[in-house]
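Each chain gets a letter, A, B and so on, in the order the sequences are listed, and its residues count up from 1.
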Amino acid sequence: MAHILVIYEIHKKSIKKVSFEATSAAADLAGKLNGTVSALLIGHDIQNLAKEPGNYGAGKVFVVDDPKLEKYSPDVFANITAQAAKEAGATHLFMGASATGKDMLPRAAFRLDSSLAQDIIGFETEGGNVIYKRPIIAGKLHARVSLSSQYQLATLRPNVFAVTEKKVDAEVVKFSPEIPAPRAVVEEILVEEGGKLDVTEAEIIVSGGRGMKGPENWQLIENLADVLGAATGASRAVVDAGWRDHAEQVGQTGKTVSPNLYIACGISGAIQHQAGMSSSKYIVAINKDEEAPIFNIADYGIIGDVFDILPKLTEEIKKLKSQ
Amino acid sequence: MNIGVCIKQVPDTETRPKIADNGTEIQKQGIKWIVNPYDEFAVEQALQLTENDDGEVTIISMGPADIEPSIRGALAMGAQKAIRIDTPASPDDQLVIAKSLARVLEDKNFDLILFGKQAIDDDAAQVPQMVAEALDLPCATVVVKINLEGNKATVEREIEGGKERLSFSLPAVIAAQKGLNEPRYRSLKGIMQAKKVPIEVVTAEAHQGNVKIEKLQYPPQKQPGKIVGKGPEAVPELVRLLHEEAKVI
Ligand SMILES: Cc1cc2nc3c(=O)[nH]c(=O)nc-3n(C[C@H](O)[C@H](O)[C@H](O)COP(=O)(O)OP(=O)(O)OC[C@H]3O[C@@H](n4cnc5c(N)ncnc54)[C@H](O)[C@@H]3O)c2cc1C
Ligand SMILES: Nc1ncnc2c1ncn2[C@@H]1O[C@H](COP(=O)(O)O)[C@@H](O)[C@H]1O
């Protein structure tokens, strides 16, 4: 019988949203497979979080709580994950495709001698068999893949699977695996100033390109982002020019994003840029060139000068929000 | 210090891939093949780290003879040696690739094994981590900064909204992200020299893959939407549409 184990990601003693997304997706899949869902929480001093997975359909919560796990080590967490998969009798392992999930789960897959579908955006079942859907070649194609290894592992792209409440009375199980000495540990997390929202986690992104003319004009992008509670993104042209940090780059050699709303300001929409953002639910393009390829994929476009339009847009949205 | 760099040949980023008749592969004709862009950061890093000692850089790539142009492309940047692990096609299961690479890497005693963070064709982002597990080595991925002191490494990797600093000792596996360095251009001399380097060919062990591509599909095409209007006069209507029609603000 299918038993999906969801590996939780805990940051500063709170659970990341991707973990709830993964649990909701697992509950959905378990429903189709007549299976069950469990959660795995690893860390130190995390007992108080153990009830939360039950809000999204996890019937059992395995908690590994140990002072040795205060600092995150990808190899130690992968090792524990593999032990927990065996202990729990899991058949599937799910985790959010965050920076941590994408780094850690392949290690657990190796330890389980099993295969992994990274960064999936959907799944379906075919007679008890799961078909995972994942973008390849920077989203230019979608592959439907099936896994025939003993365990099936998948990371789920953030912001794609909805968090759905499904309260169950979760049983909390204390699990005490062998904790190996770490090969590598995270010594420190360097947070971007102001604790900026990352493009991969944002529901709205305001992105600027070469049409913004220079870094001194980014205030226009930031003001609009502020009223929307959005993250700021950038094209490669402006990152290469040193106007913005690479962490903001969207596209084939930057980040792949799928927000509810992507506002492209002064971005031409080169194929490599589209590769990173074309799966956004709604795309708005502001560009003075009506032939710009970005208009081919935009839901709404305004032809015009970003320097006239952005201040007006910020003002109109402020007005709407204050109503 | 001796460094191994694993590279993959992938379609150029300009490629608009077409699905082959069998529905599970891309059409190979007409594709321009390149060294995976992230792997170029790895090659560059290896060259910089060995510049001032007598260490060597070895390129390792798994695939059929068709991938040799990319191997030569990496050699042309300045690497000294190359190994090709022969397979009829690059496997769809990264676990298979990782096991085959690990088998070749294990007795080379490299001080450092470098990868790209992700191959831009399968976008799997898993081979480096799996190789590290196979060889029982420390590993960091999506790395934008490397600092070595003796055999102690401190690296920074990109995470959401910031960076993580990890430390570990060599030998280790590191997977490169853009921002780590600026890959050098290949000089004509480098290209000529690369032609003379023998590529050692080894046979891949037979591992059974467990990933099956059932079907490739084009993503749902986004229909070009509407041009709301020209200039700032169009803004109120745009805001109305985003609020009432799309319901995203
Ligand atoms: C290997 C490789 C990888 C790549 N990876 C990426 C990637 O990850 N991400 C990425 O973005 N690109 C990537 N690129 C680069 C890509 O090909 C484009 O060069 C880049 O996206 C262009 O950025 P841009 O749209 O900001 O600039 P441009 O193409 O110069 O476009 C600027 C746009 O601004 C408009 N404009 C100018 N002034 C105004 C104004 N006042 N008001 C309104 N509009 C104005 C212009 O009409 C134009 O459409 C990659 C390229 C290669 C070869
Ligand atoms: N067939 C291969 N041969 C050599 N190295 C590879 C191969 N496939 C992947 N790699 C390496 O592993 C990295 C990540 O690839 P992937 O896990 O497929 O996204 C690449 O950037 C390469 O450095």
Side-chain angles (χ1 to χ4, degrees), chain A residues 98-99 102-103 106-107 109-111 115-116 118 131 136-149 183-192 196-198 200-201 228 246-247 252-253 260-261 271-272 278 282 295-304 308-309 312-313 316-317 320, chain B residues 11 13-14 16-17 19 37 93 95 98 120-126 129-130 133-134 137-142 158-168 178-179 210-219 222 224-232 234-236 238-239 241 243 246 248-249:
Chain A
S98 60
K102 282 165 85 173
D103 177 67
R107 305 170 192 241
F110 185 90
R111 300 197 76 87
S115 303
L116 162 68
Q118 190 89 287
I131 312 275
I136 59 166
I137 324 185
K140 291 173 194 168
L141 294 179
H142 288 172
R144 287 172 185 275
V145 302
S146 61
L147 306 176
S148 54
S149 44
R183 300 196 287 252
V185 283
V186 172
E187 301 288 1
E188 199 183 350
I189 292 180
L190 315 160
V191 190
E192 228 108 278
K196 271 180 66 175
L197 186 59
D198 190 71
T200 57
E201 293 184 314
L228 289 167
H246 176 252
Q252 183 144 16
T253 46
N260 288 333
L261 176 60
I271 181 166
Q272 295 94 347
S278 62
Y282 283 90
F295 286 121
N296 295 336
I297 59 161
D299 299 277
Y300 306 114
I302 294 186
I303 300 162
D308 300 335
I309 292 161
K312 177 90 177 148
L313 185 55
E316 287 292 321
I317 291 171
L320 176 80
Chain B
T13 57
E14 291 281 343
R16 291 179 189 274
I19 299 168
D93 190 344
L95 186 60
I120 62 161
D121 53 356
D122 59 42
D123 286 331
Q126 28 178 309
Q129 300 94 302
M130 288 177 160
E133 284 302 319
L137 293 178
C139 166
T141 60
V142 203
E158 255 180 32
I159 56 167
E160 293 84 5
K163 297 192 173 73
E164 260 174 12
R165 184 178 296 145
L166 289 96
S167 58
F168 44 83
K178 186 187 168 184
N210 285 310
V211 175
K212 181 163 180 244
I213 297 180
E214 305 280 352
K215 201 172 176 190
L216 291 181
Q217 290 172 315
Y218 297 103
K222 256 204 148 356
K226 56 177 122 175
I227 297 294
V228 180
K230 284 193 181 177
V235 169
L238 173 67
V239 172
L241 288 166
H243 183 59
V248 285
I249 62 172

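When heavy atoms are compared at a cutoff of 4.5 Å, Ile213(B) approaches chain A by way of both its backbone and its side chain. Both the backbone and the side chain of Ile159(B) come within contact range of chain A, each with at least one heavy atom under 4.5 Å from a heavy atom of that chain. Within the 4.5 angstrom heavy-atom criterion, atoms from both the backbone and the side chain of Ala134(B) approach chain A. Both the backbone and the side chain of Ile189(A) come within less than 4.5 Å of a heavy atom in chain B. At a 4.5 Å heavy-atom cutoff, Val142(B) makes no contact with chain A through either its backbone or its side chain. At a 4.5 Å heavy-atom cutoff, the contact between Ile19(B) and chain A is made by side-chain atoms alone. Heavy-atom distances place both the backbone and the side chain of Ala143(A) under 4.5 Å from chain B. Of the atoms belonging to Glu201(A), it is side-chain heavy atoms, and not backbone ones, that fall under 4.5 Å from chain B. Heavy-atom distances place the side chain of Leu320(A), and not its backbone, under 4.5 Å from chain B.
Taking CG from Leu190(A) and CD from Glu164(B), the interatomic distance works out to 9.0 Å, rounded to the nearest 0.5 Å. For the atom pair OG1 of Thr13(B) and CD1 of Ile271(A), the computed distance is 8.0 Å after rounding to the nearest 0.5 Å. Of the inter-residue distances, the one linking Leu238(B) atom CG with Ile302(A) atom CD1 reads 4.5 Å to the nearest 0.5 angstrom. Rounding to the nearest 0.5 angstrom, the gap separating the CG atom in Leu216(B) from the CZ atom in Arg144(A) is 10.5 Å.
In this structure, Pro232(B) and Ile309(A) approach most closely via the heavy-atom pair N-CG1, 4.0 Å. Looking at every heavy atom in both residues, Ser115(A) comes nearest to Asn210(B) through OG-CB, 3.4 Å. Minimum heavy-atom separation, Asp123(B) to Ile136(A): OD2-C, 3.7 Å. Taking both residues in full, the closest heavy atoms of Met130(B) and Pro106(A) are given as CG-O, 3.5 Å, listed atom of the first, atom of the second, then distance. Gly139(A) and Pro219(B) make their closest contact through O-CG, 3.3 Å (heavy atoms, listed as atom of the first residue, atom of the second, distance). Gln126(B) approaches Leu116(A) most closely through the heavy-atom pair NE2-O, 3.0 Å.
Using a 4.5 Å heavy-atom threshold, the side chains of Leu147(A) and Val211(B) count as touching. For the pair Glu14(B) and Gln272(A), the minimum side-chain heavy-atom distance is below 4.5 Å. Looking at Ser98(A) and Glu160(B), their side chains come closer than 4.5 Å, going by heavy atoms from C-beta outward. Within the 4.5 Å cutoff, the side chain of Arg183(A) has heavy atoms near those of the Glu133(B) side chain.
Put simply, of Gln118(A), Arg107(A), Glu316(A), Glu187(A), the one with the most heavy-atom pairs under 4.5 Å next to chain B is Arg107(A). Ranked by heavy-atom pairs shorter than 4.5 Å toward chain A, the options Ala234(B), Ala98(B), Gly229(B) are led by Gly229(B). Interface remark: of the candidates Gly179(B), Pro11(B), Pro17(B), Pro17(B) forms the most heavy-atom pairs closer than 4.5 Å to chain A. Of all the listed residues (Pro37(B), Pro138(B), Ala125(B)), the one sharing the greatest number of non-hydrogen pairs under 4.5 Å with chain A is Pro138(B). Counting heavy-atom pairs under 4.5 Å between each of Val186(A), Asn296(A), Asp103(A), Val145(A) and chain B puts Asp103(A) at the top. Among Asp299(A), Leu313(A), Ile297(A), the residue with the largest count of heavy-atom pairs under 4.5 Å with chain B is Asp299(A). Of the listed residues Glu214(B), Arg165(B), Glu158(B), Lys215(B), the one with more heavy-atom pairs under 4.5 angstrom with chain A than any other is Arg165(B). Of the listed residues (Thr253(A), Asp308(A), Ile317(A)), the one with the most heavy-atom contacts under 4.5 Å to chain B is Thr253(A).
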